[in-house]
Amino acid sequence: MSLLTSFNAGVSGLANSQAGINTTAHNLANTKTDGYTRQQNINTDTYYQNIKVTANSTLQVGYGTTVADIRQIRDIFLDKEYRAEVGRQTFYESLYNTALEVEDILGEMEGVEFNDALGDFWSTVETLSTNPESITNRELFIAKAESFLEKATNVYQALRDYQVNLNKQISDQVDAINSIADQIAQLNEKIAKAEASGIENANDYRDSRNLLMDQLAEYTHFDAYEDYTGKVTIRIDNAPLVEETTAYHMACERIEIEEYNEATGKYEVTATSPMYNVVWRGSGYGDVYDLSKAYSSENETDMGSLLGILTARGRKFGYYTDIPVNATSQQLDDYNDTTGNCLLEKMEAQFDLLIHKIVTAVNDAFAPNVTAKLNGITATDKDGNAVTLSATAKVLDVNRCPVGTDDDATVGTEVFMRKANTERYQVLKVSGPVYAVDEQGNQLLDDDGNPIEVTQQNEAGEYLLYVYNEEDPDDVNTLYTLQNLTINPKLQENYSYLPVMNNPATGAVDEYNYDVCAKILENWKADDTLLDPNALTTYGADDFYDAMVGSLAIQGSVWKGISENQTKLVESVEDKRQQVSGVSSDEEMVSLLMYQHAYNAASRYITTIDAMLEHLIERLG
């Protein structure tokens with residue numbers, strides 16, 4: 001190796017030291033930059049000259065070094081762990097925030113609001129039970145019933161409004177995800193172009209892309225794969241969000257409501273809900289998330305704030321019929337995957353069930369039903385049309401029920417009425433007397449041993465049967481549900497229709513009935529209502545409401561605990577990432593001094609070679 005060629009080693013030393021100083025300075029300049037990953041130069045030998053080759057060895061002289069790569073010091077396993085844990089954190093934060101909003105709506109932060117309305121109505125029933133002949137008590141009862149229903153409707157409507165208002169959060173997060181996807185697709189293209197030559201790594205572009213993927217993990221769970229060109233493919237439940245340089249977008253669409261068509265034997269779309277569903281736009285993949293199954297850590301369906309909001313909200317408004325009674329194993333599984341999995345939908349259903357219990361307790365006391373056997377009975381409606389009767393049906397206990405204080409002693413007047421023109425009873429003319437039966441179909445007898453007749457004769461001697469219009473779970477218009485309830489307008493116009501007197505058919509004349517309100521209170525207190533079909537405990541109205549609020553508080557506390565634990569876990573993983581990828585000013589200053597000394601050494605080496613050459617030329621020239 002000649003002195004002239006020795007310059008190569010010195011020059012490469014200068015170049016490598018300068019490159020190291022540049023990289024170190026770049027690290028120091030980005031100490032506070034979000035998402036920046038510490039970079040490090042990897043040096044390698046350039047090439048060698050063989051001086052002498054023997055059978056045992058080869059004498060070689062090196063020509064210096066070069067920068068083989070400027071790598072990022074990053075751990076992909078810590079990245080995956082961070083994104084999984086931050087996704088769980090935001091998921092449970094969404095659930096917890098929803099629980100806080102529901103607590104606010106119920107007014108239980110101060111222990112008042114609806115609970116007071118419940119207590120006021122109870123007190124009014126008690127007052128009426130002590131003195132039903134009091135006009136003031138009857139007027140107060142109707143006024144309090146109206147106030148109670150108004151408050152309950154407001155609470156239920158507030159829950160529904162909150163469900164719909166979550167559309168804004170859902171839309172904002174969908175827009176954010178779409179924006180991130182667009183930016184990642186653009187960075188894929190830039191990275192592939194920059195690294196196509198194989199000479200350098202597009203580290204700063206990669207940092208920007210990794211930061212975007214960290215942000216994306218807060219919104220949704222995803223899988224990411226990098227190909228040989230440096231492009232990242234991102235998929236959500238096997239549907240592509242980013243493929244190479246193409247971004248696929250999500251969209252918000254109103255949820256379609258399907259109903260079973262008996263004529264076609266199929267479920268058909270009949271309307272749309274005001275709530276948003278998140279779907280893939282134009283890619284043919286349909287819904288982004290499968291909301292038909294309960295979330296679980298095992299299936300990784302408890303990640304991302306967007307899915308957290310959708311899970312807490314549910315896909316529809318909750319009704320009391322969503323809570324199965326005497327549920328089969330399949331019904332229980334269906335409940336846990338749908339209503340039981342969605343906080344708002346479940347709270348609406350439970351609250352509606354509470355109101356249904358109270359409304360039913362009141363209506364059934366003023367207009368009590370019994371079962372009648374209708375085999376062989378022919379009937380016509382008020383227009384003279386023939387009506388087909390079922391074998392058994394609920395009917396008004398017309399000869400023993402309380403009656404109004406009006407001149408006609410009106411029977412069957414309910415306090416809470418279904419809005420959709422669904423009368424409590426269909427009054428039919430039947431061919432003969434009808435009698436009450438028990439659950440086994442055996443005829444019931446009164447205290448004197450006589451059959452209990454449930455038909456009433458009018459002035460023309462015709463038999464009238466008051467057949468109860470049953471609630472149909474498939475038709476909300478037939479349900480005593482909060483969105484379908486109103487105070488009976490007959491009572492609002494004339495409180496004398498309120499049935500508080502004994503039935504003249506029993507022989508009582510101008511006697512007030514003191515048992516009707518006692519029956520209301522008895523039904524109110526009866527422990528016969530399940531809060532959750534997964535449990536065996538049943539409740540009365542007061543205990544039901546307390547259990548409902550308590551269950552919400554417990555669930556919210558659980559979610560808060562999980563969220564806080566996830567926050568600590570995310571911080572722990574991030575600390576580990578920073579230990580690997582973060583820039584330490586002290587370490588970089590040490591590296592800077594090292595490269596400066598290396599640069600000086602290479603400079604002195606070149607100066608020495610130069611002096612040697614000068615000496616040889618001058619002495620030998």
Side-chain angles (χ1 to χ4, degrees), residues 107 111-156 320 351-369 396-397 400-406 410-418 424 480-482 485-503 508 511-529 538-549:
V112 291
E113 299 299 332
F114 181 74
N115 208 18
D116 286 350
L118 201 62
D120 286 347
F121 190 44
W122 168 270
S123 298
T124 305
V125 176
E126 285 187 316
T127 301
L128 181 63
S129 69
T130 61
N131 189 8
E133 62 267 29
S134 169
I135 296 176
T136 301
N137 287 348
R138 279 179 272 162
E139 288 180 323
L140 180 63
F141 171 79
I142 296 170
K144 285 294 185 180
E146 190 170 3
S147 175
F148 166 77
L149 182 58
E150 180 182 3
K151 181 59 184 176
T153 302
N154 289 342
V155 171
Y156 185 70
Y320 73 89
F351 188 73
D352 196 35
L353 181 60
L354 168 65
I355 303 306
H356 181 267
K357 175 179 174 60
I358 294 172
V359 165
T360 302
V362 173
N363 285 348
D364 286 352
F366 286 116
N369 296 322
L396 175 65
D397 192 359
R400 297 189 299 172
C401 66
V403 301
T405 60
D406 59 305
T410 302
V411 297
T413 304
E414 59 184 355
V415 176
F416 299 98
M417 186 177 179
R418 292 166 280 193
R424 184 171 177 85
Y480 286 97
T481 181
L482 267 168
L485 282 177
T486 185
I487 298 297
N488 194 328
K490 286 177 63 176
L491 291 178
Q492 291 176 314
E493 294 171 5
N494 187 350
Y495 60 85
S496 67
Y497 287 117
L498 186 67
V500 292
M501 298 195 72
N502 284 322
N503 197 311
E511 290 183 5
Y512 282 89
N513 189 316
Y514 287 84
D515 295 331
V516 63
C517 289
K519 186 65 176 177
I520 293 174
L521 299 177
E522 178 186 340
N523 292 342
W524 186 306
K525 286 287 187 181
D527 294 336
D528 58 3
T529 308
T538 55
Y539 301 93
D542 292 332
D543 292 338
F544 184 98
Y545 185 69
D546 292 340
M548 184 181 77
V549 175

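Just so you know, these numbers come straight off a predicted model, no measurement behind them. Nothing fancy with the numbering, it's 1 onward along the sequence. Only heavy atoms go into these numbers, but all of them, side chains included; no hydrogens, no water, no symmetry mates.
- Closest heavy-atom contact between Asn502 and Tyr512: ND2-O, 3.6 Å.
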Exercise. Starting from the C-alpha separation in whole Å, work towards a yes-or-no answer on side chain to side chain contact (heavy atoms under 4.5 Å, CB included) for Leu353 and Phe544.
Key: CA-CA 9 Å; Leu353 181 60; Phe544 184 98; 4.0 Å; yes
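- Residues Ser123 and Lys144 fail the side-chain proximity criterion, which asks for heavy atoms closer than 4.5 Å.
- Looking only at side-chain heavy atoms (C-beta outward), Phe366 and Ile520 come within less than 4.5 Å of each other.
- The shortest side-chain heavy-atom distance between Leu396 and Cys401 falls under the 4.5 Å cut-off.
- Between Met548 atom CE and Thr529 atom OG1 the span is 12.5 Å, to the nearest 0.5 Å.
- How far CG of Asn115 is from CG of Leu118: 6.0 Å, rounded to the nearest 0.5 Å.
- Residues Tyr539 and Leu354 are not in side-chain contact: their nearest non-hydrogen atoms beyond the backbone lie 4.5 Å or more apart.
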Practice problem: Go through Asp528 and Thr538 one step at a time and tell me if the side chain to side chain contact (heavy atoms under 4.5 Å, CB included) criterion holds. | Solution: CA-CA 5 Å; Asp528 58 3; Thr538 55; 5.6 Å; no
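- Side chain of Asn363 to backbone of Val415: a donor-acceptor contact under 3.5 angstrom is found.
- Summarising the geometry, atom OG1 belonging to Thr360 is positioned 10.0 Å from atom CD belonging to Glu414; distances are rounded to the nearest 0.5 Å.
- Taking all atoms of both residues into account, the shortest heavy-atom contact from Pro402 to Asn513 is CB-ND2, 4.0 Å.
- Classified by interplanar angle (parallel below 30°, tilted 30° to 60°, perpendicular above 60°), the ring pair Trp524/Phe121 is tilted.
- By the 4.5 Å heavy-atom criterion applied to side chains, Phe141 and Leu491 are not counted as neighbours.
- One distance of note links CG of Leu498 with CG of Asp406; it measures 10.5 Å at 0.5 Å rounding.
- Without hydrogens or angle criteria, Thr153 side chain to Leu149 main chain gives a donor-acceptor distance under 3.5 Å.
- Between Phe351 and Tyr156, the ring planes are parallel. Angles under 30° get that label, and only those over 60° would be called perpendicular.
- Checking side-chain atoms of Ser129 against main-chain N and O of Glu126 turns up a donor-acceptor pair under 3.5 Å.
- No side-chain donor-acceptor contact under 3.5 Å links Gln492 and Tyr497.
- A salt bridge (charged side-chain N to carboxylate O under 4.0 Å, His left out) with Asp364 is found for exactly one of Arg424, Lys357, Lys519, namely Arg424.
- The CG atom of Leu128 lies 9.5 Å from the CD atom of Glu133; values are rounded to the nearest 0.5 Å.
- A salt bridge links Asp542 with Lys525: the distance from a Lys NZ or Arg NE/NH1/NH2 to an Asp or Glu carboxylate oxygen falls below 4.0 Å.
- For the pair Asn137 (side chain) and Asn131 (backbone), a donor-acceptor distance under 3.5 Å is present.
- Side chain of Thr405 to main chain of Ser496: a donor-acceptor pair is present (N/O by atom type, distance under 3.5 Å, no hydrogens or angles).
- Annotation: side chain of Tyr480 is in contact with side chain of Arg418 (closest heavy-atom distance under 4.5 Å).
- Although no hydrogens or angles enter the test, the distance criterion places no donor-acceptor pair under 3.5 Å between the side chain of Asn488 and the main chain of Phe416.
- When all heavy atoms are compared, the tightest approach of Ala361 to Asn523 is CB-CB, 3.5 Å.
- Taking CD1 of Ile487 as the start and CD of Glu150 as the end, the distance is 10.0 Å to the nearest 0.5 Å.
- Side-chain contact annotation: Thr481 with Asp352, donor-acceptor N/O pair under 3.5 Å present.
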